2 protein chains.
Amino acid sequence: MAEHSHDHAASGHDDAPDHDHGHDHTHDHGSAPAKLTRNQTLVYGALSRAGGPLTAYTILDQLRDDGFRAPLQVYRALEKLVEFGMVHRLESLNAFVACSHPQCVDHETMAFAICEACGSVSEFADAAITRQLKGWAGNNGFALAKTTIELRGTCRSCQAAV
Amino acid sequence: MAEHSHDHAASGHDDAPDHDHGHDHTHDHGSAPAKLTRNQTLVYGALSRAGGPLTAYTILDQLRDDGFRAPLQVYRALEKLVEFGMVHRLESLNAFVACSHPQCVDHETMAFAICEACGSVSEFADAAITRQLKGWAGNNGFALAKTTIELRGTCRSCQAAV
DNA sequence: TCAGAGTTGTAATGTTATAACAAGAATTGC
DNA sequence: GCAATTCTTGTTATAACATTACAACTCTGA
Ligand SMILES: [Zn+2]
Ligand SMILES: [Zn+2]
Ligand SMILES: [Zn+2]
Ligand SMILES: [Zn+2]
């Protein structure tokens, strides 16, 4: 059960997220790009700095100074980044978050725990759940393309802070 | 592993979905209403007839003749129906579907398999997955409020039809 | 240099969801 | 019955999220 959390509130965002991103990756979803385009780099940078989920329009606002003018610039970059497996879309939030894998796990069946108090997101993988879902799909002749698993609730530190 | 599918395309929708809905239920999510309001009845009827997911605006269009004029009329009814456990929201589709439980299962951790070819949705519960998610939540001090599990892919019959 | 592919810019539009406020029904207590 | 209260509804306007369509630019490989 791999786990890692990006904590939204926490972590003074160090600038200069390593954009061009070595990409020794050999496993990525789609193609692993040798290098990101300018817009992709900027969008990925915004998500990395944030350390938590952002909506496309929030990203747009953050990139005005970099010349971004229209939502499509953001959505196009996000589409690619998701394809590359570097960013996940959170369906229940209509938002996007940089992937937080320690090092390149499965990446097909990630789960996300979203705190409704502070907005932090924890990404984790659970082999048993993956196995179970694939099992259901197999038993029901369902060709599984993608799974969405999102937990809503209150994280430990927000519960502590009564 | 309870399962039941509403098949969108299939099933000639018999009219007159039993609206007022006996409601012997004793387990529902929020309160179990003795009787639905007019708008709730109409919205639930539309979803039942459809036998598959509908967006709020599609429902609105279908209920023009019944006097519906504004999205809020639909959203308000949906909010209650979801609260009652009679309707589920599909996050990855921004749509709503009538619950298809054979008879009142857990209802807290349902999963949905959505066919991207025909739009059909199968709702199922899997105890192992539920256990696993609650386990993660317990281990991580996460107070679980709601879970979303949605599978995207191609259903058996759409695969058959090459 | 040229053709083709991929990326970008921009405007317009489409789709999904909520805020704010007034008015109408149903319920409760008297 | 008849307030007082609460819930439900109607309506307008607006916010938030996402895509279509088209033209221009850039990069790559003949
Ligand atoms: Zn990830
Ligand atoms: Zn929190
Ligand atoms: Zn259900
Ligand atoms: Zn299908």
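Naming convention: chains lettered A, B, ... in sequence-line order (proteins, then strands); numbering from 1 in each chain. Source: prediction; values computed, not measured.
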**Q** Would you grab the first and last nucleotide of DNA chain C (5' to 3') that comes under 4.0 Å of any non-hydrogen atom in chain B?
**A** dT16(C) to dA20(C)
**Q** Nearest 0.5 angstrom please: W136(B) CH2 to F142(B) CZ, how far?
**A** 6.0 Å
**Q** Identify, between T37(B) and A95(A), the residue whose nearest nucleotide on DNA chain D lies closer to the 5' end.
**A** T37(B)
**Q** Please collect all salt bridge (charged side-chain N to carboxylate O under 4.0 Å, His left out) contacts where either partner lies in residues 151-162 of chain B, sequence neighbours excluded, each pair once.
**A** E116(B)-R152(B)
**Q** What nucleic acid atoms does R76(B) come within less than 4.0 Å of, heavy atoms only: base, sugar-phosphate, or nothing?
**A** base
**Q** Who pairs with D66(A) by salt bridge (Lys or Arg N to Asp or Glu O under 4.0 Å), at least two apart in sequence or on another chain?
**A** none
**Q** Can you work out whether K80(B) or R89(A) has the more 5'-proximal nearest nucleotide on DNA chain D?
**A** K80(B)
**Q** For A128(A), what residues pass the side chain to side chain contact (heavy atoms under 4.5 Å, CB included) criterion, not counting sequence neighbours?
**A** D126(A), R131(A), Q132(B)
**Q** Just checking, is any N or O donor in the side chain of T154(A) or Q159(A) under 3.5 Å from an acceptor N or O on the other one?
**A** no
**Q** Please enumerate all residues that pass side chain to side chain contact (heavy atoms under 4.5 Å, CB included) together with E91(B), with sequence neighbours excluded.
**A** E91(A), S92(A), R89(B), T148(B), E150(B)
**Q** To the nearest 10°, let me know how far the axis at one end of the helix from dT1(C)-dA30(D) to dC30(C)-dG1(D) is tilted from the axis at the other, five pairs an end.
**A** 30°
**Q** In whole angstrom, what separates L60(A)'s CG from dC17(D)'s C1'?
**A** 12 Å
**Q** Name all residues meeting the side chain to side chain contact (heavy atoms under 4.5 Å, CB included) criterion together with A70(A); count only those two or more places apart in sequence or in a different chain, and write none if there are none.
**A** Q73(A)
**Q** Enter the distance from H88(A):NE2 to C99(A):SG here, rounded to the nearest 0.5 Å.
**A** 3.5 Å
**Q** Taking only residues two or more places apart in sequence, or in another chain, which ones meet R76(B) in a salt bridge (Lys or Arg N to Asp or Glu O under 4.0 Å)?
**A** none
**Q** Is there a donor-acceptor pair closer than 3.5 Å between any side-chain N or O of E123(A) and the backbone N or O of S100(A)?
**A** yes
**Q** Could you list by number each residue of residues 64-75 of chain B showing a heavy-atom separation from DNA chain D of less than 4.0 Å, or answer none if no residue does?
**A** R69(B), A70(B), L72(B), Q73(B)
**Q** Going from CG on L133(B) to CG on L144(B), what distance comes out if it is rounded to the nearest 0.5 angstrom?
**A** 7.0 Å
**Q** Can you measure F96(A) atom CZ to dA18(D) atom C1' for me and round it to whole angstrom units?
**A** 9 Å
**Q** Return no unless some side-chain N or O of N94(B) is found under 4.0 Å from OP1 or OP2 of dA18(D).
**A** no
**Q** Please report the distance, rounded to the nearest Å, between CG in N39(B) and P in dC7(D).
**A** 17 Å
**Q** Let me know the distance between CG of L93(A) and C1' of dA18(D), rounded to the nearest Å.
**A** 16 Å
**Q** Keeping to residues at least two apart or across chains, list the salt bridge (charged side-chain N to carboxylate O under 4.0 Å, His left out) pairs with something in residues 51-61 of chain A.
**A** D61(A)-R64(A)
**Q** How long is the straight-line distance from CG of N39(B) back to NZ of K80(B), given to the nearest 0.5 Å?
**A** 12.5 Å
**Q** Could you check how far CZ of R38(B) sits from C1' of dC7(D), rounded to whole Å?
**A** 17 Å
**Q** For E79(A), give me all partners under side chain to side chain contact (heavy atoms under 4.5 Å, CB included), at least two apart in sequence or on another chain.
**A** none
**Q** Can you tell me the distance, in whole Å, between the CG atom of L42(B) and the P atom of dT8(D)?
**A** 15 Å
**Q** N/O contacts under 3.5 Å, protein versus nucleotides 25-27 of chain D?
**A**
none

